[in-house]
Amino acid sequence: IVAGSVVLRDGKILLCKRDIEPRKGFWTLPAGFMELGETVEEAAQREAYEEALATIEIDNLLAVYSIPRIGQVQVMFRATLTGGFGVGPESQEVKLVDWKDIPWSELAFPTVVWALTHYAETRHQDTIVPFANPPGVDAITR
């Protein structure tokens with residue numbers, strides 16, 4: 001299980017440029033594999049800190065994506081950046097970006113695109129029904 005977040009501060013989204021494979025040098029949301037003994041929320045918070053030195057508060061569940069080709073379930077949250085941020089050991093660069101400045105052609109994985117799109121669809125809602133894979137998408141080819 002992968003846990004991650006669309007992390008926000010003042011309407012800007014926290015992105016990390018990966019310094020590890022796969023997709024080294026591409027942009028992603030802070031996310032990674034759960035560890036034994038932690039909740040999915042704790043995993044998302046830990047990953048935000050490991051990748052972006054970011055302390056976050058989980059707001060709500062955004063989506064659960066199934067990627068059977070690689071045996072993953074990805075649980076994505078909406079979260080708020082509650083402190084500073086910096087470059088963690090798994091990132092080359094970390095930054096807050098406006099929606100118009102998201103480097104769409106340089107995003108690491110389809111699920112990053114999905115999560116950002118699903119966030120945009122619900123950004124003005126306090127309560128949401130979590131999303132799943134987009135219609136017709138059963139597997140990822142990357």
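Position 1 is the first residue of the sequence, and the numbers go up from there.
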Please answer: with hydrophobic residues joined when any side-chain heavy atoms are less than 4.5 Å apart, are [X] and [Y] in the same cluster?
{"X": "Val40", "Y": "Val64", "result": "yes"}
{"X": "Leu96", "Y": "Phe77", "result": "yes"}
{"X": "Val97", "Y": "Val94", "result": "no"}
{"X": "Leu15", "Y": "Ile56", "result": "no"}
{"X": "Val87", "Y": "Leu53", "result": "no"}

Considering all heavy atoms of both residues, which atom of [X] and which atom of [Y] are nearest to each other, and what is their separation?
{"X": "Leu14", "Y": "Ala52", "result": "CD2-CB, 3.8 Å"}
{"X": "Gly25", "Y": "Lys17", "result": "O-CE, 3.5 Å"}
{"X": "Phe85", "Y": "Ala54", "result": "CB-CB, 4.2 Å"}
{"X": "Leu61", "Y": "Pro130", "result": "CD2-CG, 3.6 Å"}
{"X": "Ala31", "Y": "Gly4", "result": "CB-CA, 3.5 Å"}
{"X": "Pro30", "Y": "Glu51", "result": "CA-OE1, 3.3 Å"}

With a 4.5 Å heavy-atom cut-off, do [X] and [Y] have their side chains touching?
{"X": "Pro110", "Y": "Ile67", "value": "no"}
{"X": "Val6", "Y": "Leu62", "value": "yes"}
{"X": "Leu116", "Y": "Ile102", "value": "yes"}
{"X": "Thr127", "Y": "Asn60", "value": "no"}
{"X": "Ile1", "Y": "Gln72", "value": "no"}
{"X": "Ser5", "Y": "Leu29", "value": "no"}

Could you measure the distance from the [atom1] atom of [X] to the [atom2] atom of [Y]? Nearest 0.5 Å is fine.
{"X": "Glu106", "Y": "Arg23", "atom1": "CD", "atom2": "CZ", "result": "10.5 Å"}
{"X": "Gln74", "Y": "Phe109", "atom1": "CD", "atom2": "CZ", "result": "8.0 Å"}
{"X": "Thr39", "Y": "Glu42", "atom1": "OG1", "atom2": "CD", "result": "3.5 Å"}
{"X": "Thr111", "Y": "Asn133", "atom1": "OG1", "atom2": "CG", "result": "9.5 Å"}
{"X": "Asp59", "Y": "Leu8", "atom1": "CG", "atom2": "CG", "result": "7.5 Å"}
{"X": "Gln45", "Y": "Thr82", "atom1": "CD", "atom2": "OG1", "result": "8.5 Å"}

| said: If you take the centroid of each ring, where Trp contributes its six-membered ring, are Tyr65 and Trp114 closer together than 6.0 Å? | reply: yes

| task | Output every pair passing side chain to side chain donor-acceptor pair (under 3.5 Å) with a member in residues 87-104, not counting sequence neighbours, ordered by first then second residue. | result | Asp19-Gln92

| query | Can you list every side chain to side chain donor-acceptor pair (under 3.5 Å) pair that touches residues 24-33, not counting sequence neighbours? | reply | none

| With a distance cut-off below 6.0 Å to the six-membered ring centre and an angular limit of 45° from the axis, does Arg46 pair with Tyr49 as a cation-pi contact? | no

| said: Strictly distance-based, threshold 3.5 Å: is any side-chain N or O of Arg18 a donor or acceptor partner for the main-chain N or O of Pro22? | reply: yes

| said: Quick one: does any side-chain atom of Glu50 pair with a main-chain N or O of Glu47 as donor and acceptor, under 3.5 Å? | reply: no

| field | side chain to side chain contact (heavy atoms under 4.5 Å, CB included) between Val7 and Arg78, worked out | value | CA-CA 6 Å; Val7 179; Arg78 292 194 308 187; over 6 Å; no

